[in-house]
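Encoded as C-alpha cells, the structure appears first; notes follow it.
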Amino acid sequence: MLEIARIVLREIRLPLNEPFVISSGVTTERRVLLVEAVSADGITAWGECVAGERPNYAPETIETARLAITAWLAPKLLHHPLEHAAAVYPLLDDGVRGHYMAKAALEMTAWALEAERAGVPLAALLGGTREAIPIGISLGIAASPEAIATKAAAMRAAGYRRIKLKIKPGADVAFVRAAREALGPDVPLSVDANAAYTLADAAHLAELDAFGLLMIEQPLAPDDLRRHAELQRRLETPLCLDESIVGPAQVEDMLALGSGRIVNIKPGRVGGFARALAIHDLCRAHEVPVWCGGMLESGIGRAHNVALASLPGFTLPGDVSPSARYWERDVVTPEWTMDARGMMRVPRERAGLGVTVDRDRIDDLTVRLEEVRA
Ligand code: OSB
Ligand code: MG
C-alpha cells in the first residue's frame with residue numbers, strides 16, 4: 001500500500017540563462033514549486049508543479065497551485081492508503097474541478113514514490129521502453145529574423161534534433177523563412193504560437209505552408225477546438241495541440257472534429273501521469289504522434305518528463321532539453337545532458353527519478369517552505 005505521511009512544499013527561485021519570450025510574456029527567473037512526499041514507511045520522493053509565475057499560458061499560477069494543494073488536494077492524499085499511484089488522480093479529482101497542474105504535482109510525486117518503494121526506475125514503472133530519447137529545443141521569440149536564424153543554426157550544430165520557434169503576429173513568416181534558409185530544407189522545424197492568433201489569421205498562417213514545418217503548435221485559443229478544425233482544413237501543415245489538451249476528452253474531441261494531427265503531452269498540464277498515459281494510449285491507437293513538451297522545469301520535473309518520453313508512442317523529439325540550456329546549475333546530479341547526436345539517456349540503473357536531488361542546493365534556493373497538514 002502506498003501511504004503518504006508528509007508533504008512539504010517549497011518554492012525555489014532559479015534564474016534562466018537567457019530570458020524566454022513567448023507570445024504572451026517573458027520569463028527571466030523561474031519560481032518553481034517543489035513537492036517532497038514521505039511515505040508512512042519513511043521513503044522520500046520529489047515532484048514539481050509546472051504552473052508559471054503568471055496565468056499567461058494556463059489559468060493556474062504557482063500561487064493558485066499552492067492554495068489548491070494546501071487547502072483541498074494534499075489533505076485528501078495524506079494518510080490515505082492507496083493500491084497504486086494510478087488511484088491518486090480520481091481521489092484528487094473528486095470534488096475539485098480543474099487545477100490540473102496542482103493535481104499533477106501531487107500525482108506525479110506519488111508515482112515517483114511508488115517507483116522508489118518498489119525499487120524500480122520511474123521510466124519502467126510508467127511502461128517506458130526507450131534507452132535514450134531524441135531532444136528538441138524551444139527557442140523564444142528573438143529580436144529579428146537574422147537573430148533567430150543564427151540561433152537556430154547554432155542549436156542545430158549543437159545536435160538538437162528539432163528546432164521549435166515561438167511565434168506571434170509580427171514575428172512569424174519572416175522569422176520562419178530566415179530560420180528555414182539558415183537550416184536548409186531537411187532539418188525538422190516547428191513553430192508554437194501559444195494561442196496568439198484567431199481564425200481571421202487563417203490566410204496569413206497558410207503562408208507558413210511554404211516552409212515544410214513539422215507542425216504549427218497551438219495557433220488558437222485553448223477552448224477553440226472547432227476553430228482549430230476549421231483552420232486545419234485550410235492548412236497543409238499539421239496542427240499540434242498543447243494548451244487545448246487537459247485530458248483524454250479533449251483528444252477525443254480533437255479526433256472527432258479534426259482539430260489537429262499531433263499532441264504535445266505535458267504530464268504536468270494534464271493532471272499527471274495516469275492521464276498522460278491515457279492520452280498516449282489513445283493517440284497511439286489512432287496513429288497520432290505525440291511528443292513530450294516542457295515548462296522550463298528544474299531537473300526534478302525534467303526527470304518526470306524524461307521517464308514519460310521513454311514510452312513507445314513518443315515518436316517526435318520533445319522539448320526536454322539538457323539542464324545547461326536553462327540553468328547555470330541544476331538541482332539534481334548528474335545534470336541532464338544531451339549527446340552530439342541530440343539524444344538524452346534515460347536513467348534505468350537506479351530506482352525512482354534516476355538522478356540525485358541536491359538538497360543542499362535546494363535549501364540555498366528556497367524562499368518559502370511549508371509542511372501541509374491533513
Ligand atoms: O508552449 O510549450 C510551450 C515554456 C513555457 C510555457 C509554455 C511552453 C514552453 C516551452 C518551453 O515551449 C519548453 C521547454 O521547457 O524547453
Ligand atoms: Mg506549446
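Both ligands and their constituent atoms are indexed starting at 1 by order of listing.
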### Query
So, Asp319 and the Mg ion (ligand 2): N/O/S under 2.8 Å, yes or no?
no
Shortest protein heavy-atom distance from [atom], along with the residue and atom involved:
atom                    : value
atom 6 (C) of ligand 1  : Met295 SD, 3.6 Å
atom 15 (O) of ligand 1 : Leu296 N, 2.9 Å
atom 13 (C) of ligand 1 : Gly294 O, 3.5 Å
atom 14 (C) of ligand 1 : Tyr326 OH, 3.4 Å

### Message
Below 4.0 Å, non-hydrogen atoms only: which portion of Ile22 touches ligand 1? Side chain, backbone, both or neither.
### Response
neither
### Residue portion contacting ligand 1 (non-hydrogen atoms closer than 4.0 Å) for Arg325
neither
Are any of the N/O atoms on [X], whether in the backbone or the side chain, positioned under 3.5 angstrom from an N/O atom of ligand 1?
X      : value
Asp242 : yes
Glu243 : no
Arg302 : no
Ser321 : no
Tyr57  : no
Asn264 : no

Numbered atoms of ligand 1 (with element) below 4.0 Å of [X], judged on heavy atoms:
X      : value
Lys166 : 1 (O), 2 (O), 3 (C), 8 (C), 9 (C), 10 (C), 12 (O)
Phe20  : 4 (C), 9 (C), 10 (C), 11 (C), 12 (O)
Glu217 : 2 (O)
Lys266 : 1 (O), 2 (O), 3 (C), 7 (C), 8 (C)
Asn194 : 1 (O), 3 (C)

Ignoring hydrogens and geometry, is there a side-chain-to-backbone donor-acceptor pair from [X] to [Y] under 3.5 Å?
X      : Y      : result
Arg161 : Arg341 : yes
Gln250 : Gly247 : yes
Glu335 : Ser323 : no
His79  : Ala40  : no
Arg361 : Arg329 : yes
Glu107 : Ala274 : yes

With a 4.0 Å cut-off on N to O distance, would you call [X] and [Y] a salt bridge?
X      : Y      : answer
Glu230 : Arg233 : yes
Arg325 : Glu18  : yes
Arg31  : Glu53  : no
Glu11  : Arg66  : no

Please find the N/O/S atom of [X] nearest to the Mg ion (ligand 2) and write down its name.
X      : answer
Asp242 : OD2
Asp192 : OD2
Glu217 : OE2

### Task
Please work out which of the three classes, parallel, tilted or perpendicular, describes the rings of His99 and Trp72, given edges at 30° and 60°.
tilted
### Query
Is there a heavy atom in Lys164 that sits closer than 4.0 Å to ligand 1?
yes
### Task
Evaluate the criterion side chain to side chain donor-acceptor pair (under 3.5 Å) for residue pair Arg54 and Ser24; output intermediate values, then yes/no.
CA-CA 10 Å; Arg54 284 158 293 125; Ser24 55; over 6 Å; no
### Query
Passes salt bridge (charged side-chain N to carboxylate O under 4.0 Å, His left out), Asp242 versus Arg269? Steps please.
CA-CA 9 Å; Asp242 174 354; Arg269 181 197 71 226; 2.6 Å; yes
#### Entry: Partner of Ile133 by side chain to side chain contact (heavy atoms under 4.5 Å, CB included), out of Leu311, Val346, Asn305
Val346
### Message
Judged on heavy-atom distance to atom 12 (O) of ligand 1, which of Ala58, Ser138, Gly301 sits nearest?
### Response
Ser138
